[in-house]
There are 4 protein chains.
Amino acid sequence: MKKKYAIIKTACRLFADQGFEGTSTLQISREAGATEPLIFYHFAGKDALFTFILETSFAEYFIRLDALPESTATQFEKIENIISMHLEFVKEMPHETKLIVSTCPAKLKDPDHICADNFARLRERIISYLTECLSIGIKSGEFRKMPVSDTANILIALINGLVRQKVHKLSNVCDVRESAVSFCRFSLVNS
Amino acid sequence: MKKKYAIIKTACRLFADQGFEGTSTLQISREAGATEPLIFYHFAGKDALFTFILETSFAEYFIRLDALPESTATQFEKIENIISMHLEFVKEMPHETKLIVSTCPAKLKDPDHICADNFARLRERIISYLTECLSIGIKSGEFRKMPVSDTANILIALINGLVRQKVHKLSNVCDVRESAVSFCRFSLVNS
Amino acid sequence: MKKKYAIIKTACRLFADQGFEGTSTLQISREAGATEPLIFYHFAGKDALFTFILETSFAEYFIRLDALPESTATQFEKIENIISMHLEFVKEMPHETKLIVSTCPAKLKDPDHICADNFARLRERIISYLTECLSIGIKSGEFRKMPVSDTANILIALINGLVRQKVHKLSNVCDVRESAVSFCRFSLVNS
Amino acid sequence: MKKKYAIIKTACRLFADQGFEGTSTLQISREAGATEPLIFYHFAGKDALFTFILETSFAEYFIRLDALPESTATQFEKIENIISMHLEFVKEMPHETKLIVSTCPAKLKDPDHICADNFARLRERIISYLTECLSIGIKSGEFRKMPVSDTANILIALINGLVRQKVHKLSNVCDVRESAVSFCRFSLVNS
DNA sequence: CATGAATGAGCGTTCATTCAT
DNA sequence: AATGAATGAACGCTCATTCAT
């Protein structure tokens with residue numbers, strides 16, 4: 001049973017680092033300290049293992065998304081929260097994050113793949129989250145007037161970009177969180 | 001000679017859509033209307049074909065980067081220019097862009113791979129471009145006071161995120177360019 | 001103990017339908033409502049299970065062969081008896097019969113295999129049975145003059161063919177027994 | 001190209017002797033003096049190779065069936081012809097015959113498999129052939145009165161049984177043809 | 001008796017690549 | 001410039017079998 005866990009952990013790391021097609025079941029088994037057939041004893045196949053890991057990662061992501069406080073003093077706090085949440089997620093679960101953000105494009109082309117569905121739900125959730133707090137903030141005068149939908153997309157792009165920098169360890173700056181939040185505050189909040 | 005071109009075009013599209021490991025030389029040859037050995041006649045191997053396409057794409061990218069006007073009325077104009085450049089690049093060369101932004105992670109792990117080198121140079125170029133205009137803008141009072149390095153990273157993240165949205169056709173908003181530029185303006189420019 | 005019986009029954013059916021190599025121990029265990037290792041608890045291995053079933057089937061066959069009445073009014077009655085016996089056997093034990101008549105050829109090639117031995121004994125028994133009653137019948141004038149050995153072979157071929165038709169449910173005629181017996185009578189019995 | 005032929009010949013022999021599941025592609029390639037992947041270069045897969053050989057064998061069989069003379073002096077000559085044809089077929093193409101008569105039962109269970117279709121057509125052809133000449137023979141008084149359909153089935157069973165004996169080299173009598181024809185003559189022809 | 005976990009060996013198949021033509 | 005034939009290596013996966021419990 002420990003070996004099953006080792007397989008999952010190892011597969012997650014390797015899939016994230018080398019992609020689905022670039023990772024062989026033999027490599028997974030070896031680095032997990034198991035034999036190849038054991039993977040097929042615990043999972044229906046390589047695809048099923050991949051899907052399981054992806055779904056687990058998405059589930060954890062959705063949990064964190066759901067855990068964001070609903071009522072805050074200001075709307076901007078909600079923006080700040082979702083940015084922080086993402087940067088924490090990538091710090092705590094780097095492999096899972098990498099897997100989600102760089103899932104082999106081939107898998108995304110297939111609209112039936114479980115990944116496509118999760119991806120769509122994920123975007124929808126964030127967009128509605130951002131759209132809502134932007135709308136409220138603009139109406140209350142907390143935020144400047146701005147196109148809500150576009151701005152939501154821009155914020156997602158920014159978050160996505162920051163997550164990727166962390167995931168690929170490209171930003172040598174240890175923590176850009178403060179600056180990023182500050183960047184958004186200037187852009188959004190009325191002064 | 002036409003077939004060589006067809007091979008390159010097809011390979012570029014397939015590598016971008018399915019990744020390096022997910023694309024077989026047989027598939028490339030078939031979709032290009034050629035036979036498999038022809039690929040090896042024109043290129044040393046699958047790796048060489050991939051590298052060639054990647055370098056060509058990077059070269060085109062660098063050309064556009066070099067073509068950005070050096071002296072502008074304001075420093076923000078330079079920011080605007082580099083944003084626009086990227087969005088145009090992805091529109092005009094979608095496959096090449098997709099290839100660059102989602103190059104199989106396996107290839108990036110190898111520091112000797114040509115891709116890693118290009119990636120590093122690319123980041124360096126953009127960072128120095130942004131750092132310079134941010135520094136000048138701050139000194140001249142055009143921009144607010146802000147941490148230069150962090151802000152450069154944030155801008156890169158934003159651009160990267162926007163490019164990805166376009167590449168994966170995720171932003172149903174046809175053109176977020178205006179909004180994105182506006183978003184940055186509020187954040188950077190002194191009012 | 002019930003499970004052991006279920007394993008035997010299931011294995012017999014599957015071996016008959018799919019052949020030895022075409023049937024996996026996993027499939028047997030599942031369809032028998034047991035787990036795979038249980039097969040190896042009750043039998044030394046897949047081969048042993050197969051051999052056991054085959055020998056049991058052969059044993060049952062030999063019992064019926066031995067039960068044929070030795071003294072009959074006419075010699076043709078003996079011919080009729082052996083034909084009927086075979087058709088009853090296939091009706092009552094279809095899987096066992098199928099297993100015997102279509103035992104995977106691979107097993108027959110090995111002269112050491114238990115199946116080869118049983119097969120040889122079986123043929124010998126039937127041939128001597130037929131040879132004897134043909135010889136007596138010809139001598140007594142009940143049968144025409146005919147080559148005894150050849151005719152025995154022909155009768156075996158006919159029986160074998162009829163059994164196969166029943167086993168594979170090919171003869172849409174429900175019962176060809178009467179006609180078959182009649183067919184032989186005309187050919188053998190002096191008129 | 002010679003290797004392709006060798007693969008076909010070898011595969012035919014091995015499939016006939018060991019069954020489909022009992023024969024590995026590696027064994028085929030080795031005994032054919034080729035490498036394993038070559039099989040997959042020439043055929044879509046193991047199944048396709050098997051199907052090709054089976055269809056070729058059936059085709060040859062149908063050719064011989066079609067070549068049987070349509071008009072003969074007596075109806076019994078037609079019976080004799082079809083018996084002889086089968087015994088010649090098994091002598092000239094032993095592997096192909098063995099393959100046809102002992103095609104792995106697993107393949108027959110699938111009604112979509114090409115083998116099932118050919119098997120059905122084959123039976124239909126022979127049955128109509130026999131039914132016709134029996135009907136005519138009975139009407140003209142050449143044959144005794146007898147149930148036509150049953151007798152056709154019996155003749156098929158007999159032929160099938162004889163062919164199997166030859167295929168498995170069980171009949172140590174070199175040629176039972178004469179005796180078999182004689183056996184049938186007594187049973188069918190009016191005296 | 002019975003099972004969940006695990007394995008070495010082998011399976012059919014695809015891979016990038018080569019070579020003679 | 002281009003191809004049909006061929007290959008060594010590796011792939012994902014299933015096999016019969018074992019073992020600790």
Side-chain angles (χ1 to χ4, degrees), chain A residues 1-7 20-29 32-50, chain B residues 1-4 6-7 20-29 32-50, chain C residues 1-4 7 20-29 32-50, chain D residues 1-4 6-7 20-29 32-50:
Chain A
M1 219 46 181
K2 269 194 168 174
K3 292 207 179 180
K4 183 177 180 181
Y5 184 71
I7 287 171
F20 178 77
E21 346 270 347
T23 306
S24 80
T25 48
L26 184 59
Q27 189 189 8
I28 295 171
S29 65
T35 54
E36 219 184 351
L38 193 58
I39 294 176
F40 297 90
Y41 174 73
H42 286 300
F43 300 92
K46 193 189 175 188
D47 264 300
L49 171 60
F50 181 74
Chain B
M1 219 43 184
K2 268 193 169 175
K3 293 207 176 180
K4 182 176 181 181
I7 287 171
F20 178 77
E21 342 271 348
T23 307
S24 77
T25 49
L26 184 61
Q27 189 188 8
I28 295 171
S29 66
T35 53
E36 225 180 345
L38 193 57
I39 294 176
F40 296 87
Y41 175 78
H42 286 302
F43 299 91
K46 193 190 176 188
D47 266 300
L49 170 60
F50 182 73
Chain C
M1 218 46 182
K2 267 195 167 174
K3 292 207 178 180
K4 182 177 179 180
I7 286 170
F20 178 77
E21 342 271 348
T23 306
S24 78
T25 49
L26 183 60
Q27 189 188 7
I28 295 171
S29 66
T35 54
E36 226 181 345
L38 193 57
I39 294 176
F40 295 86
Y41 175 78
H42 286 300
F43 301 92
K46 192 190 176 188
D47 266 300
L49 170 61
F50 181 73
Chain D
M1 220 46 183
K2 268 195 170 174
K3 293 207 179 181
K4 183 177 179 180
I7 287 171
F20 178 76
E21 345 270 347
T23 307
S24 79
T25 49
L26 184 59
Q27 189 188 9
I28 295 171
S29 65
T35 53
E36 220 183 349
L38 193 58
I39 294 175
F40 297 88
Y41 174 73
H42 286 300
F43 299 92
K46 194 191 176 189
D47 265 300
L49 171 59
F50 181 75

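In what follows, chains carry the letters A, B, and so on, assigned in the order in which the sequence lines appear, proteins first and then strands, with residues in each chain numbered from 1.
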Trainee: Kindly compute the distance separating OG1 (C:Thr23) from CZ (C:Phe50), expressed to the nearest 0.5 Å.
Mentor: 9.0 Å
Trainee: Expressed as a whole number of angstroms, how long is the span from A:Leu49:CG to F:dC13:C1'?
Mentor: 14 Å
Trainee: Indicate, with a heavy-atom threshold strictly under 4.0 Å, whether A:Lys3 touches base, sugar-phosphate, or nothing.
Mentor: sugar-phosphate
Trainee: Nearest-Å distance, NZ (A:Lys4) to P (E:dT7)?
Mentor: 15 Å
Trainee: In Å and rounded to the nearest 0.5 Å, what is the CD to OG distance from D:Glu21 to C:Ser24?
Mentor: 11.0 Å
Trainee: Is the base of E:dA5 touched by the side chain of A:Tyr41 through a donor-acceptor pair closer than 3.5 angstrom?
Mentor: yes
Trainee: Atom pairs under 3.5 Å, N or O on each side, protein against nucleotides 15-19 of chain F: can you list them with distances?
Mentor:
residue	atom	partner	partner atom	Å
F:dA16	OP1	C:Thr23	O	3.4
F:dA16	OP1	C:Lys46	NZ	2.8
F:dA16	OP2	C:Thr25	N	3.0
F:dA16	OP2	C:Thr25	OG1	3.0
F:dT17	OP2	C:Lys46	N	2.7

Trainee: Does a side-chain heavy-atom distance below 4.5 Å link C:Lys4 with C:Tyr41?
Mentor: no
Trainee: Rounded to whole Å, please give me the gap between CD1 in B:Ile28 and P in E:dC15.
Mentor: 11 Å
Trainee: Between P on F:dT7 and CD1 on D:Ile39, what's the gap in Å once rounded to a whole number?
Mentor: 11 Å
Trainee: Could you state the interatomic distance from OG (D:Ser29) to CD (D:Glu36), rounded to the nearest 0.5 Å?
Mentor: 5.0 Å
Trainee: Expressed in whole Å, how much space separates the P atoms belonging to F:dT21 and E:dC1?
Mentor: 23 Å
Trainee: For A:Phe20 and A:Lys46, what are the C-alpha separation, side-chain angles and deciding distance, and is it a side-chain contact (heavy atoms from CB on, under 4.5 Å)?
Mentor: CA-CA 9 Å; A:Phe20 178 77; A:Lys46 193 189 175 188; 3.8 Å; yes
Trainee: How long is the straight-line distance from CG of B:Leu49 back to CD1 of B:Ile28, given to the nearest 0.5 Å?
Mentor: 5.5 Å
Trainee: Closest approach to the side chain of A:Leu38, judged atom by atom: which nucleotide of E:dA5, F:dA2, E:dG8 is it?
Mentor: E:dA5
Trainee: In whole angstrom, what separates A:Gln27's CD from F:dC13's P?
Mentor: 16 Å
Trainee: State the dot-bracket string of DNA chain E. Criteria: Watson-Crick or G-U wobble, both atom distances under 3.5 angstrom; notation: ( ) intrastrand, [ ] crossing earlier pairs, | interstrand, . unpaired.
Mentor: .||||||||||||||||||||
Trainee: Given atom NE2 of B:His42 and atom P of F:dA1, what is their separation to the nearest angstrom?
Mentor: 6 Å
Trainee: Within the 4.5 Å heavy-atom criterion, are B:Phe40 and B:Thr25 side-chain neighbours or not?
Mentor: yes
Trainee: Which is more 5' along DNA chain E, the nucleotide nearest C:Lys2 or the one nearest A:Ala34? Just name the residue.
Mentor: C:Lys2
